[in-house]
There are 2 protein chains.
Amino acid sequence: MPEKQKRSARKQAEPDLGILSSWLLFAVQRELFETMEREGFEKLGPRHGAVLAYLDEEGTRATDLAALSGQHKQVIGTLIDELVEAGCVERRPDPQDRRAKLIVPTEAGLERMRRSDAIMAAIERRYAKELGEEDYAQFKRAFTRIAQAARSRERA
Amino acid sequence: MPEKQKRSARKQAEPDLGILSSWLLFAVQRELFETMEREGFEKLGPRHGAVLAYLDEEGTRATDLAALSGQHKQVIGTLIDELVEAGCVERRPDPQDRRAKLIVPTEAGLERMRRSDAIMAAIERRYAKELGEEDYAQFKRAFTRIAQAARSRERA
DNA sequence: AGTGATAGTCAAGATTAGTGACGATAATGT
DNA sequence: ACATTATCGTCACTAATCTTGACTATCACT
């Protein structure tokens, strides 16, 4: 091994946190959506995950989805349009606030959310096996702490 | 704490790998680019990072940058145009291959790359302090293994 | 009632990503 | 030497995505 290796090689061997996150994010996203599609679920982009991931069974307001996912209301709006089109959610008036609408998952939407959660869990189990249960659990605890710290720093 | 908590709350408390990755990626990216801009570097988007991150001191070919960053040649082309505009890189003919051009960082570009690496390192040190050096080192080893596994799975 | 803030939508623009084709050059096989 | 095939970077075009500003209806507070 050369003492003064090329920068690109170093970045491959000892990637920084940003590079690691992007590798993992894109790989996980792609695997999730390819699996869903292969299983016959209607094709949706990763962007729709931003809505589905934060959706409550009893429904969630579009503004909350925007805040949770960090996207603009406008984007959430079109995302919801497409999810309605795909039969995953429906818009219901919010009894608490007549300005607002609750985005409520349909049965098909719930099914998709459950399946998506299960696939993510399977991906994690694969890594847990590869790394060892103990080490993986510790990794995930640390990751959760760091990511939550990063996120709260964002919001400030 | 309710036994049957809402899904969105659960996702906040026990996020999956995809959510964690996106939180960390976006936070880190934003901090990096905001810091760079605050220090007077010309404003560039996160996308340019895909080029700068993998750039070698001696220069790298556009096609290699496309492969490393996983983006299309076309995208890399415009990114390079903008980086040339910003004075960070220049196109030089590749003596080995007259079809190709080497993308070589200018002195200003090198300065930016060094600074960017330093900021990332500082961000990591902050998390290391927060988590404890020992735990952080173990976290990063695990993260590196998992992300590299995910990435190689991608390429297959 | 009157005021300012908020929810969701409409519309238009800017930015970014993805595709196919092309001229130039290189690599390969004969 | 020559023809064939593959690769490098670019051009032109389309589609997807993000961003911004404005607007209506409703809410919360006085």
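Letters A, B, ... are given to chains in the order of the sequence lines, protein chains preceding strands, and every chain is numbered from 1. For the numbers below, each heavy atom of this structure counts, side chains included, while hydrogens, waters and symmetry mates do not.
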Can a side chain N or O of A:T63 be found less than 4.0 Å away from OP1 or OP2 on C:dT6? no
Would you find more than 12 non-hydrogen atoms of other residues, nucleotides or ligands less than 6.0 Å from A:E107 atom CD? yes
Nearest-angstrom distance from the residue atom CG of A:L65 to P of C:dG8: 9 Å
I need the CG-P distance between B:D64 and D:dC8, as an integer number of Å. 8 Å
Separation of A:L44 atom CG from D:dT17 atom P, in whole Å? 11 Å
Short side-chain N/O contact to C:dT9 OP1/OP2 from A:R91, under 4.0 Å: yes
For the residue pair A:F143 and B:F139, categorise the inter-ring angle as parallel (less than 30°), tilted (30 to 60°) or perpendicular (more than 60°). tilted
Does one hydrophobic cluster hold both B:F26 and B:L17, with members joined at side-chain heavy-atom distances below 4.5 Å? no
Closest to the A:A100 side chain: C:dT25, C:dG8, D:dT10? C:dG8
Taking OP1 and OP2 of D:dC11, is either one under 4.0 Å from a side-chain nitrogen or oxygen of B:K73? no
Take the protein atom NE2 of A:H72 and the nucleotide atom C1' of D:dT20, then report the distance between them rounded to whole Å. 9 Å
Starting at the 5' end of DNA chain D and moving along, which residue's nearest nucleotide shows up first, A:P46 or A:D97? A:P46
Donor-acceptor pair (no angle test) under 3.5 Å: A:R98 side chain, D:dT26 base: no
Should B:F41 and B:M120 be regarded as members of a common hydrophobic cluster, given that ILVMFWY residues are connected when their side-chain heavy atoms come within less than 4.5 Å of each other, either directly or indirectly? yes
May I ask you to say what B:Q74 touches in the nucleic acid, namely base, sugar-phosphate or nothing, with a heavy-atom cut-off under 4.0 Å? base
Measure the distance from CG on A:D81 to P on D:dC18 and round it to the nearest whole Å. 15 Å
Given DNA chain D, 5'-ward residue of the pair A:Q96 and A:L79, judged by closest heavy atom: A:L79
Could you check which of C:dT16, D:dC8, D:dC27 has an atom nearest any side-chain atom of B:R47? C:dT16
Mind calculating the distance between CG (A:D94) and C1' (D:dT26) to the nearest angstrom? 12 Å
Dump the intermediate steps for salt bridge (Lys or Arg N to Asp or Glu O under 4.0 Å) on A:K6 and B:E57, then the final yes or no. CA-CA 7 Å; A:K6 289 204 272 182; B:E57 283 87 345; over 6 Å; no
Value in whole Å for how far the P atom of D:dA16 lies from NZ of A:K43: 10 Å
Winner on side-chain proximity to A:R99, out of C:dA26, D:dG9, C:dA5, is C:dA5
Rounded distance in Å - CZ (B:R61) to C1' (C:dA24): 14 Å
